[in-house]
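Residue numbers count from 1 along this sequence. Heavy atoms only: backbone and side chains are in, while hydrogens, waters and symmetry mates are out. Being a predicted model, the structure only gives us computed values, none of them experimental.
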Amino acid sequence: MTDGNTPSWEWKKWESTNSELIPEVESASVVCVEGVVVVVGGYQECDDDDDDEEGLITYEYNNDKKMWSKKVFADVPHVEGCVAVLRDAGTALLHGGIDQDYEMRSDVYEVKANPLRITKVADSGEPPARGRHAGCCVDTTLYVFGGMHDASVHGDLNKMSVDGAWEAVQCDVTPPARYSSTMAHWDSSLVLFGGAYLDGADQRSLADLWVHDIPSAMWRPINISCSPRNGHVATLLPNTSTLLILSGAAGAASGGGSTGSYDDMPLLIDLSSGSVSSQTTTGTHPIGRYLPAAALSPWGSYLIQGGTKRLPGSGDIYELIFKSS
């Protein structure tokens with residue numbers, strides 16, 4: 001942290017009165033729209049009751065009743081590995097992903113709450129279809145980087161304005177192509193960390209940090225020293241220049257898989273200096289997982305859910321509460 005106070009962080013596990021409906025999904029997305037937590041898509045083990053369901057499966061958490069509810073949008077394809085980001089307090093955007101036929105998508109959808117509804121955005125000049133890419137919103141502009149398409153891995157940056165017009169951002173120097181990375185907004189910049197690339201049939205993780213200055217459309221690397229990881233989650237801590245990183249995996253695995261999931265001890269990178277540190281926490285600590293979903297809450301904490309299918313308790317929501325003393 002860079003505010004001069006001593007941080008004291010606490011994990012809190014959210015309760016659920018209908019645990020049988022908890023979505024134990026991997027490579028899903030989570031958004032917090034108007035204070036409502038919504039889990040979107042993801043890969044999950046389907047039971048017999050799900051065999052005839054067509055469309056995007058979503059789960060909504062009611063914090064007052066401590067209950068999950070499930071809704072299927074028949075006119076929206078079910079995907080995993082899509083980008084899901086807040087455009088404003090009342091609207092989230094979904095982009096791309098891998099559908100149930102293992103086809104990459106390039107669609108854009110708006111998500112609104114109270115009641116939950118998802119509608120397609122009439123976009124134009126869309127970038128190539130992709131999944132497991134990184135993205136974030138700056139003001140009302142959606143930025144996406146990288147991702148995968150079949151056996152190809154992208155290394156391009158694209159942006160979509162509020163009117164749905166896509167534009168490729170031309171840069172002289174770009175980060176290496178990757179997927180399962182993260183991107184965050186810092187001042188007038190985008191921050192890209194980690195991810196994976198394919199080395200033949202093997203997956204290799206990255207440990208690099210790149211900053212893209214939006215006004216000049218220029219990338220620059222920041223020298224850091226940390227272990228490589230992909231399939232993690234990351235966010236910029238509110239009102240700081242500190243990047244928070246959780247979970248993910250390191251190492252290589254034959255056939256594109258991952259090994260060695262990290263625990264959820266927060267990793268912190270000071271973007272001003274490049275220094276890397278870890279943060280101790282108290283409370284109910286979640287088990288480290290691969291390809292979880294996470295989002296900042298409107299009240300300033302960080303929510304993490306899902307990842308690593310068949311991991312006991314992976315469907316629960318864990319809240320990381322930031323405190324200073």
(request) Compare all side-chain heavy atoms of His149 with those of Pro128 and state whether any distance is below 4.5 angstrom. (result) no

(message) For Glu34, is the CD atom crowded, meaning more than 12 foreign heavy atoms sit under 6.0 Å from it?
(response) yes

(request) Would you please classify the geometry between the Tyr61 ring and the Trp14 ring as parallel, tilted or perpendicular, with 30° and 60° separating the classes? (result) tilted

(request) Report yes if the side chains of Pro266 and Thr281 come closer than 4.5 Å at any heavy-atom pair, otherwise no. (result) yes

(message) With a 4.5 Å cut-off on side-chain heavy atoms, are Arg130 and Asp156 touching?
(response) yes

(message) Is there a path of hydrophobic side-chain contacts, each under 4.5 Å between heavy atoms, that joins Leu271 and Trp219?
(response) no

(request) Output yes when a side-chain donor or acceptor of Asp88 lies under 3.5 Å from a complementary backbone atom of Gly90, and no otherwise. (result) yes

(message) Go through it in stages, so that I can follow the logic: the residues are Leu190 and Leu157, the test is side chain to side chain contact (heavy atoms under 4.5 Å, CB included), and I'd like the CA-CA distance, side-chain angles, deciding distance and then a yes or no.
(response) CA-CA 10 Å; Leu190 307 172; Leu157 178 66; 4.1 Å; yes

(request) Identify the residue among Ile245, Asn230, Asp208 that makes a side-chain contact (heavy atoms from CB on, under 4.5 Å) with Phe193. (result) Ile245

(message) In the structure I gave you, are the side-chain heavy atoms of Cys32 and Pro298 within less than 4.5 Å of one another anywhere?
(response) yes

(request) With sequence neighbours left out, write down each residue that passes salt bridge (charged side-chain N to carboxylate O under 4.0 Å, His left out) with Glu103, or none if nothing qualifies. (result) none

(message) Please tell me whether Val83 and Trp166 are part of a single hydrophobic cluster in this structure, the criterion being side-chain heavy atoms less than 4.5 Å apart.
(response) yes

(message) Show the nearest heavy-atom pair for residues Leu93 and Cys137, with the distance to one decimal.
(response) CD1-SG, 4.1 Å

(message) Looking at every heavy atom in both Ser241 and Ser272, which two are closest together, and how far apart are they?
(response) OG-OG, 3.3 Å

(request) Run the numbers on Leu244 and Leu320 for side chain to side chain contact (heavy atoms under 4.5 Å, CB included), then give the verdict. (result) CA-CA 11 Å; Leu244 164 68; Leu320 182 56; 4.1 Å; yes

(message) Would you say that Arg229 contacts Leu267 through its side chain, given a criterion of any heavy-atom pair below 4.5 Å between the two side chains?
(response) yes

(message) Donor-acceptor check, side chain of Lys13 to backbone of Asp316, threshold 3.5 angstrom: yes or no?
(response) no

(message) As an exercise, state the distance from NE2 of His133 to CE of Met183, rounded to the nearest 0.5 Å.
(response) 9.0 Å

(message) Test of understanding: with side-chain hydrogen bond (donor to acceptor under 3.5 Å, both in side chains), list the residues that count as partners of Lys65, not counting sequence neighbours.
(response) none

(request) Search all heavy atoms of Met104 against all heavy atoms of Ala129 and return the closest pair with its distance. (result) O-CB, 3.4 Å

(message) Just verifying a value: how many Å separate Phe73 CZ and Thr58 OG1, rounded to the nearest 0.5 Å?
(response) 5.0 Å

(request) Might you point out which heavy atoms bring Arg204 and Asp199 nearest each other, and give the distance in Å? (result) NE-OD2, 3.4 Å

(request) Report yes or no: do Leu236 and Leu209 belong to one cluster of Ile/Leu/Val/Met/Phe/Trp/Tyr joined by side chain heavy-atom distances under 4.5 Å? (result) yes

(request) In plain terms, say whether Lys323 and Glu10 are close enough for a salt bridge, that is, a side-chain N and a carboxylate O under 4.0 Å apart. (result) yes

(message) Can you tell me if Asp163 has over 12 outside heavy atoms packed within less than 6.0 Å of its CG?
(response) yes

(message) Looking at Lys120 and Asp107, is there a salt bridge between them, counting it only when a charged N and a carboxylate O are closer than 4.0 Å?
(response) yes

(request) Check whether any side-chain heavy atom of Val33 lies under 4.5 Å from a side-chain heavy atom of Thr91, and answer yes or no. (result) no

(request) Mind listing the closest non-hydrogen atom pair of His185 and Ser189 along with its distance? (result) CD2-O, 3.3 Å

(request) Would you check if the side chain of Arg117 reaches a backbone N or O of Pro115 as a donor-acceptor pair within less than 3.5 Å? (result) yes

(request) Examine Tyr318 and Val233 and state if one hydrophobic cluster contains both, with Ile, Leu, Val, Met, Phe, Trp and Tyr joined whenever side-chain heavy atoms are less than 4.5 Å apart. (result) yes

(message) Could you measure the distance from the OG atom of Ser297 to the OH atom of Tyr302? Nearest 0.5 Å is fine.
(response) 11.0 Å

(message) Would you say Val30 ends up clustered with Val38 if hydrophobic residues are merged whenever their side chains have heavy atoms under 4.5 Å apart, either directly or through other cluster members?
(response) no

(message) Apply side chain to side chain contact (heavy atoms under 4.5 Å, CB included) to residues Arg178 and Leu192 and explain how you reach the verdict.
(response) CA-CA 10 Å; Arg178 67 194 64 204; Leu192 181 74; 3.9 Å; yes

(message) How long is the straight-line distance from OH of Tyr59 back to CD of Gln305, given to the nearest 0.5 Å?
(response) 10.0 Å

(request) Measure the shortest side-chain to side-chain distance between Ile57 and Lys70 over non-hydrogen atoms and say whether it is less than 4.5 angstrom. (result) yes

(request) Compute the centroid of each ring, for Trp210 and then for Phe145, and state whether the two points are separated by less than 6.0 Å. (result) no

(message) Looking at Arg132 and Glu80, is there a salt bridge between them, counting it only when a charged N and a carboxylate O are closer than 4.0 Å?
(response) yes

(request) Please report the shortest heavy-atom distance between Pro215 and Ser188, naming the atom on each side. (result) CD-O, 3.6 Å

(message) For Ile214 and Thr141: C-alpha separation, side-chain torsions, deciding distance, then whether side chain to side chain contact (heavy atoms under 4.5 Å, CB included) applies.
(response) CA-CA 11 Å; Ile214 295 173; Thr141 300; over 6 Å; no

(request) Kindly say whether Met218 contributes a backbone atom to a donor-acceptor pair with the side chain of Asp213 at under 3.5 angstrom? (result) no

(request) Starting at SG of Cys171, measure out to NE2 of His212 and round the result to the nearest 0.5 Å. (result) 5.0 Å

(message) What I'd like to find out is whether the side chain of Lys112 reaches to under 4.5 Å of the side chain of Thr119, using heavy atoms alone.
(response) no

(message) Under a 3.5 Å distance rule, please check whether Ser27 uses its side chain to pair with a backbone N or O of Tyr43 as donor and acceptor.
(response) no

(message) Donor-acceptor pair, distance only, cut-off 3.5 Å: does the side chain of Arg289 make one with the backbone of Gly306?
(response) yes

(message) Please report the interatomic distance CZ(Phe322) to CG(Leu237), rounded to the nearest 0.5 Å.
(response) 5.0 Å

